[in-house]
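Please read the structure below before turning to the comments.
Start at 1 and go down the list; that is how both ligands and their atoms are numbered. Because the structure is a prediction, the values reported are computed rather than measured.
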Amino acid sequence: MRELAGKTAFVTGGASGIGLALGRAFAQAGMKVMLADIEATALQAAVKSLQEFAPNVRGTVCDVADAASVDQAAKMSFEAFGNVHVVCNNAGVAAGGGIDDISLDNWRWVLDVNLMGVLHGIRAFLPHIREHGEGGHIVNTASMAGMLTGLGFSPYGASKFAVVNMSEGLALRLRPLGIGVSVLCPSFVRTRIGESGRNRLERYGQSRPLDPNSASAALVAEIGRRIEAGLEPADVAAKVLAAIRDDELYVFTHPGMRAEVEQRFAAILAAMDKVR
Ligand SMILES: NC(=O)c1ccc[n+]([C@@H]2O[C@H](COP(=O)([O-])OP(=O)(O)OC[C@H]3O[C@@H](n4cnc5c(N)ncnc54)[C@H](O)[C@@H]3O)[C@@H](O)[C@H]2O)c1
């Protein structure tokens, strides 16, 4: 979709990090923007910060894990701005992992938000985009954790692999209809993802504290350091806007990870080559 000015974007997880940077970049590009997020206070502040230079920015509180809540957020968007063209299914949380304490609550929470949340966004907006016929673009936020298994046994990695697969499949189906799809696969970005527990609803139970001497605790600490030293969200958002304009499926932000991707596919191809 070459021309963004005057069009409308909907962004989940829009109150913080990558989602807020996307909202800002869309507003700077002259788009109308609906930010959707579960965290009401942060959302209000985010909307206010963008309204300082872009009057056509609104917010709606929304839990992406709940299909009805996403439908309601879509309705609010249509009422505020009419047709929606760009949909960023970006909200996500990180939790859990390890083989010593496999928590169903962690798995359900991460899959509900990171995987079902993306599906709910597609379900709420795709029929609308197909119907208005003005073109559109769906951006699903995955991660390099959707390309590589560096996190080991983890609901986060499982959810992100699924988002990559969904996006690739959707792109195949939507290309003939003139609707673009991108899957965003960043490595570490300086956001509040490490504090995801702030938005964990009661139905997913409490997250159990890690044994400070465990391998899992060491991994979480290392991830926290790498997030702190990560890319700025605005740099990620700029790459997403370029991908929408150029209709690119994959959005990578960390070229240094090429060797790891190559290693994974080399192992897969080597195994296939053994089959006679
Ligand atoms: N930060 C990184 O290093 C990194 C790397 C790769 C991918 N990602 C992905 O980027 C996306 C954005 O995360 P971020 O890094 O900006 O983190 P963040 O915590 O700064 O922002 C995430 C936003 O999602 C919202 N959210 C959480 N649960 C929600 C729910 N159920 N419904 C609606 N909103 C909800 C939060 O309130 C928050 O505003 C996520 O999908 C994450 O997995 C992040």
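- Among all heavy-atom pairs drawn from V64 and H120, the shortest one is O-ND1, 2.7 Å.
- Of the protein's non-hydrogen atoms, the one nearest atom 15 (O) of ligand 1 is T191 OG1, 2.6 Å.
- Counting atoms of ligand 1 from 1 in the listed order, those under 4.0 Å from a heavy atom of F188 are 3 (O).
- Counting heavy atoms closer than 4.0 Å to ligand 1, residue A142 contributes backbone atoms (N, CA, C, O) but none from C-beta onward.
- Atom 2 (C) of ligand 1 has V189 N, 3.5 Å as its closest protein atom, hydrogens excluded (heavy atom only).
- Judged by distance alone, the side chain of N140 and the main-chain N or O of V164 form no donor-acceptor pair under 3.5 Å.
- Distance from atom 22 (C) of ligand 1 to its nearest protein heavy atom, with residue and atom name: G92 O, 4.0 Å.
- At a threshold of 4.5 Å between side-chain heavy atoms, the hydrophobic network of Ile, Leu, Val, Met, Phe, Trp and Tyr places V70 and I38 in one connected group.
- The G17 neighbourhood of ligand 1 comprises atoms 16 (O), 20 (O), with distances under 4.0 Å to a heavy atom of that residue.
- Of the protein's heavy atoms, I38 N, 3.4 Å lies nearest to atom 34 (N) of ligand 1.
- The ligand atoms of ligand 1 that sit less than 4.0 angstrom from a heavy atom of E39 are 37 (O).
- When D63, I193, T141 are ranked by how near their heavy atoms come to atom 9 (C) of ligand 1, first place goes to T141.
- Of the possible donor and acceptor atoms, none in the side chain of R190 sits under 3.5 Å from a partner among the backbone N and O of P233.
- Near A91, meaning under 4.0 Å from any of its heavy atoms, are these atoms of ligand 1: 24 (O), 33 (C), 34 (N), 35 (C), 41 (O).
- With a 4.0 Å cut-off on non-hydrogen atoms, C62 touches ligand 1 through its backbone and not its side chain.
- Looking at I227 next to ligand 1, no N or O pair under 3.5 Å apart turns up.
- The two residues R198 and S16 have their closest heavy-atom pair at NH2-OG, 3.7 Å.
- One option in D37, L43, I18 has a heavy atom closer to atom 25 (C) of ligand 1 than any other, and that option is D37.
- Residue contacts with ligand 1 for K160 involve side-chain atoms from C-beta outward but no N, CA, C or O (heavy atoms, distance under 4.0 Å).
- If you check each of S187, S196, S143 against atom 5 (C) of ligand 1, the one with the closest non-hydrogen atom is S187.
- Proximity of a side-chain donor or acceptor of K7 to a complementary backbone N or O of G30 within less than 3.5 Å is not detected.
- A donor-acceptor pair is defined here as one N or O able to donate and one able to accept, closer than 3.5 Å; such a pair exists between the side chain of D37 and the backbone of G14.
- Annotation: E131, atom CD; neighbour count of heavy atoms from other residues, nucleotides and ligands within 6.0 Å does not exceed 12.
- Between F78 and H128, the angle of the ring planes stays under 30°, which puts this pair in the parallel group of the 30/60° scheme.
- Among E195, R226, R198, the residue whose heavy atom sits closest to atom 38 (C) of ligand 1 is R198.
- Using a 30° and 60° split on the angle between ring planes, Y250 and F252 fall in the parallel class, below 30°.
- Shortest contact from atom 8 (N) of ligand 1 to any protein heavy atom: Y156 OH, 3.5 Å.
- The nearest non-hydrogen atom to atom 41 (O) of ligand 1, considering only N140, N90, L22, N114, comes from N90.
- When every heavy atom of N90 is checked against every heavy atom of G13, the shortest pair comes out as ND2-O, 3.7 Å.
- In terms of protein heavy atoms, atom 24 (O) of ligand 1 is closest to G13 CA, 3.4 Å.
- In this structure, A80 and M34 approach most closely via the heavy-atom pair CB-CE, 4.1 Å.
- Atom 20 (O) of ligand 1 has as its closest protein heavy atom S16 OG, 2.6 Å.
- One option in V61, L231, L20, V64 has a heavy atom closer to atom 32 (N) of ligand 1 than any other, and that option is V64.
- Proximity of a side-chain donor or acceptor of S182 to a complementary backbone N or O of E248 within less than 3.5 Å is detected.
- In terms of protein heavy-atom proximity, atom 28 (N) of ligand 1 is closest to V93 CG1, 3.7 Å.
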